[in-house]
Amino acid sequence: MIDTIVAILFNALSMGLIYGLIACGFSLIFRMTRVINFAAGDLAMLGGMIGYTLYVTMHLPFWLALFLSMLATGLFMVIMDRIALRPAYRRGVLAGVVSTIGLSFVMQNGAQIIWGRGGFSFPSVFGNEVVEVGGIRLVPERVAISLIGLAVTGILTYFLMRTKSGMAARATAGDRETALLMGIDVGQMNSLSFFIAGALGAIAGVLAAPVTFLTATMGLSLAVNGFVAALVGGMGSLPGAIVGGIILSLVETAAGAYIDANYREGITFIALIVVLLLRPRGIFGEVGGPT
Amino acid sequence: MSQSSAVARKSAATRAVWRSLEFRLLVLLAVLSLYPLVAPGRYEMQFADLILVYIVIALGQNIVLGYSGQISIAQSALAAIGGYTCALLCMKLDCPFWLAAIISVLASTSCAAFLGLLTSRVRTHYLLLVTIGFHIVVLLLIINLVWLTGGPMGLYPVPKIRFGNYTVLTPSNYYYVYLPTALLLLYFAERIRTSRIGLAIFALKSNESAALTVGVAPRYYLTLTMALSGFYAGIGGVMFAFLVGFLGPESFGLLSALLYIVIVVLGGMGNNYGVVIVTVGLNLLSDHLKVLAESWVMIYGVLIMVTIGIAPGGLPELATKLVRQIFRARTSSGGVVTEA
Amino acid sequence: MTLILQVERLSKSFGGMRAVNALDFAIRRGEIRGLIGPNGSGKTTTINLLSGLLRPDQGTITVAGKRIDGLPAYKRAGFGVARTFQAPAVFKDLSVFQNVLVGGHSFESFGLKLRNVLFRQWSVLNRNADLVQRCMRSLEFVGLDHRAPALAGDLSYGEQKLLDLAKVLVCGPALVLLDEPAGGLDPSQVTQLKGIVARLRSSGTTILFSEHNVSMIMGICDEITVLNFGKKIAEGPPDTIKRHPEVIACYLGTKAADQ
């Protein structure tokens, strides 16, 4: 009994961290620019695809593939921000949203051109077989995802809380004008946030790859999940995003297992919508709402 | 003296008629009614009919997003409700078309109103979330209730529209039913926009606390715009179902819902004519691109990003910028050069 | 003399801080009342409570004999309560005329009914001649009628403040609340403002305004209510307030009060 619960927990935790990382990217970009990034899920897709090419096709070591994928996706996002997104969101939130929708189209179709319309099965990195550790049955893949996810969260938190650039980024997100007056390069901070968002998305994608099926169009549903997770945790809050992702995953698993697997997504949504109706700002969100 | 002032009044009145909304739309109706005479073939005719359907749904999105600034992504799902309800009533219960259509549009409008009531206290992202959730639930129901909706295989065949003894059969028949419908709905949208209701809605979007101060009730107007969007979406859904003759979940994806947002923003938030133009333009574009390139979606996306980057205010801003560029080019080339 | 406004034991706290503390005061019909106090004394909070943007924790607000403290903000306009904002609350993307037209929202409801809008000719925007006349008169009252077609966002700061006032006057409110109307205005504009407020009173409207500008307060108020830390510390005609030791103390310190 306990071992099934543990197995389920690790399942939910690993998926939850993946959602959480995407949600982090969401919240980060939202804090900086007030834009809802519809391409957030496609960043994960891109990361996963690049990871596939590096790890499977080119046989690079996993960690190297992960790292390079993060770099590439982060850079991609920075470039996209500079040339396409910024001219739009500088003038208004909705313009920015539309720009991200356009970006999503480009990324999805671009991925189809580069990697084809079929999907990829990413081989397991840490082992998909159930392993018994001290009487508890675990899937190493899931454990590894959870651990890596938590490690990334830890590093991100450290970066934002302790390092100079991290604090500068948080300051800019809180109050742009004051940040400008303090001599912080707001444009650079924006780029940094987009880079981190891209990198986080890539990690989410690479971690998700072994346990899901990689397709060029997987981004939209991931983005939706990331959005919900970010809202539940409090839009704009990074720890909230992670927590929100885990909650989302737990509710999703429960809905699928105990109510109806066919309507799993719908039930999850309704449950979380009701929760947010009672507490609109989410777990760590500010009063007054995300508007 | 009185004679000339009477003449002056009469010419002012006639000028008012020429410039009135009713007159312009009647002219538009007359001109566009000639299209079937110049259309090359059946495909172009059906394409025009389809564009009319998208225009109706897009006008609904313009009311909820362009007028009141609510980010709702429910149009596709609401259209699905309208289309499926009407088709099922006609197919399974032998309901006369006009009755089925009324019931379906009522259904979509009430769903939208419900969503509006739910979210009008907590705004922006919550509405987006709720409408995404609504979309997911509706599509899940369509896919899973196979006995009712045909599931992923779809609902087929949807009968043709009948008015008494007359059956709307060919694409040109449909054109003469859908064109006045679309223009009538455009007329309503314009009347709402220019009325004090529309003014209150725009004021609410512009400065909410100021609007509260003069007595504008926020929940009422936000729910009203949502309900109107549902009304339009329902009609569009019915039009779609009976034109295409086939309903499937893939016709109502999240992607198409996103496109309606793109259309409204590109058309100039609240600008009905802009929305119509963008709808026609994007459809023509995708149709032509499909022939040219396998990867037309990418070009589509690039165009969206470029357009919104140059003119975040949409088509009206783009037009103003173009006019200014042309004007600047003209004056610089036509300027006086004094030389010794 | 009838009381147009009665405030009894009004209280509002934010977190642990009492912004307004058991406030009691009343205003007679046709009066010009000033509300003064140091920064943070609760002036804007009081006006927010009166206009409905905030709900009181305790206390009652009565306008012309009717309790309004339970009503949401948008319903208070119908009870004759109008207010302006410190930062001018205008609709920047609408024209000046459209701004005042929105102000007439509570004036008549025929043009606001959907079926009339869709199917009746005379409900569309400009057809209600009565309303249009009221709007133009309101603009003339503040001196903005020549700017009617301009975009509200293009107006100068002072003009926007006037527009803020014009739009709430369309329905002929009984009680007008002004939140620091002279803030950001130069002396000539303040004089113009004083003239407008005086004319407003002579048309029968009661005015309550919070202010820092001493010339404005002492110049036109019939009575002044002084707040400090959310409590009323003094009330009376300008001459009394000028010499009131507690008032001087809270502005300048106790040493100044002793002198």
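In the text below, chain A, chain B and the rest are named by the order of the sequence lines, each starting its count at 1. Atoms considered below: every heavy atom in the structure, side chains included; atoms not considered: hydrogens, waters and symmetry mates.
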Q. Top residue by heavy-atom pair count (under 4.5 Å) with chain B, among A/Val93, A/Leu103, A/Val228, A/Val224?
A. A/Leu103
(Q) Please classify the contact of B/Ile263 with chain A as side chain, backbone, both or neither, using a heavy-atom distance under 4.5 Å. (A) neither
Q: Would you check, one step at a time, whether the test side-chain contact (heavy atoms from CB on, under 4.5 Å) holds for B/Leu129 with A/Phe269?
A: CA-CA 9 Å; B/Leu129 175 72; A/Phe269 252 87; 3.7 Å; yes
Q: For chain B, find its close neighbours in residues 245-265 of chain A: heavy-atom separation under 4.5 Å, sorted by number, or none.
A: A/Asn262, A/Tyr263, A/Glu265
Q | Under 4.5 Å from any heavy atom of chain B - which part of A/Leu276 | A | both
Q | B/Ile261 versus A/Val98, closest heavy-atom pair with distance | A | O-CG2, 4.3 Å
Q | Partners meeting salt bridge (Lys or Arg N to Asp or Glu O under 4.0 Å) with A/Arg82 (sequence neighbours left out) | A | none
Q: Could you list the residues that satisfy side-chain contact (heavy atoms from CB on, under 4.5 Å) with B/Thr85, not counting sequence neighbours?
A: B/Ile81, B/Leu89, B/Ser104
Q: Against chain A, label B/Ile143 side chain, backbone, both or neither, depending on which of its atoms sit under 4.5 Å from a heavy atom there.
A: neither
Q: Taking atom CZ of A/Phe120 as the centre, report whether more than 12 heavy atoms of other residues, nucleotides or ligands fall under 6.0 Å from it.
A: yes
Q: Heavy-atom distances under 4.5 Å only: say whether B/Leu139 touches chain A with side chain, backbone, both or neither.
A: neither
Q) Which of residues 304-314 of chain B get closer than 4.5 angstrom to chain A, counting heavy atoms alone? A) B/Ile304, B/Met305, B/Ile308, B/Gly309, B/Pro312, B/Gly313
Q: Count the heavy-atom pairs under 4.5 Å between each of A/Leu85, A/Leu277, A/Leu94 and chain B, then report the option with the highest count.
A: A/Leu277
Q.
Can you tell me how far apart CD1 (A/Ile101) and OH (B/Tyr300) are? Round to the nearest 0.5 Å.
A. 12.0 Å
Q. At their closest point, which heavy atom of A/Leu220 faces which heavy atom of B/Leu258, and how far apart are they?
A. CD1-CD1, 4.1 Å
Q. B/Met298 and A/Val106: which non-hydrogen atoms are nearest, and at how many Å?
A. O-CG2, 3.6 Å
(Q) I want to check something: taking the side chain as every heavy atom from C-beta on, are B/Tyr126 and A/Leu231 in contact at a cut-off of under 4.5 Å? (A) no
Q: Among B/Val262, B/Val137, B/Ile136, B/Asn144, single out the residue with the greatest number of heavy-atom pairs under 4.5 Å to chain A.
A: B/Asn144
Q. Could you walk me through whether A/Phe105 and B/Val302 pass the side-chain contact (heavy atoms from CB on, under 4.5 Å) check?
A. CA-CA 8 Å; A/Phe105 287 176; B/Val302 169; over 6 Å; no
Q | Contact origin within A/Phe38 toward chain B - heavy atom pairs under 4.5 Å | A | side chain
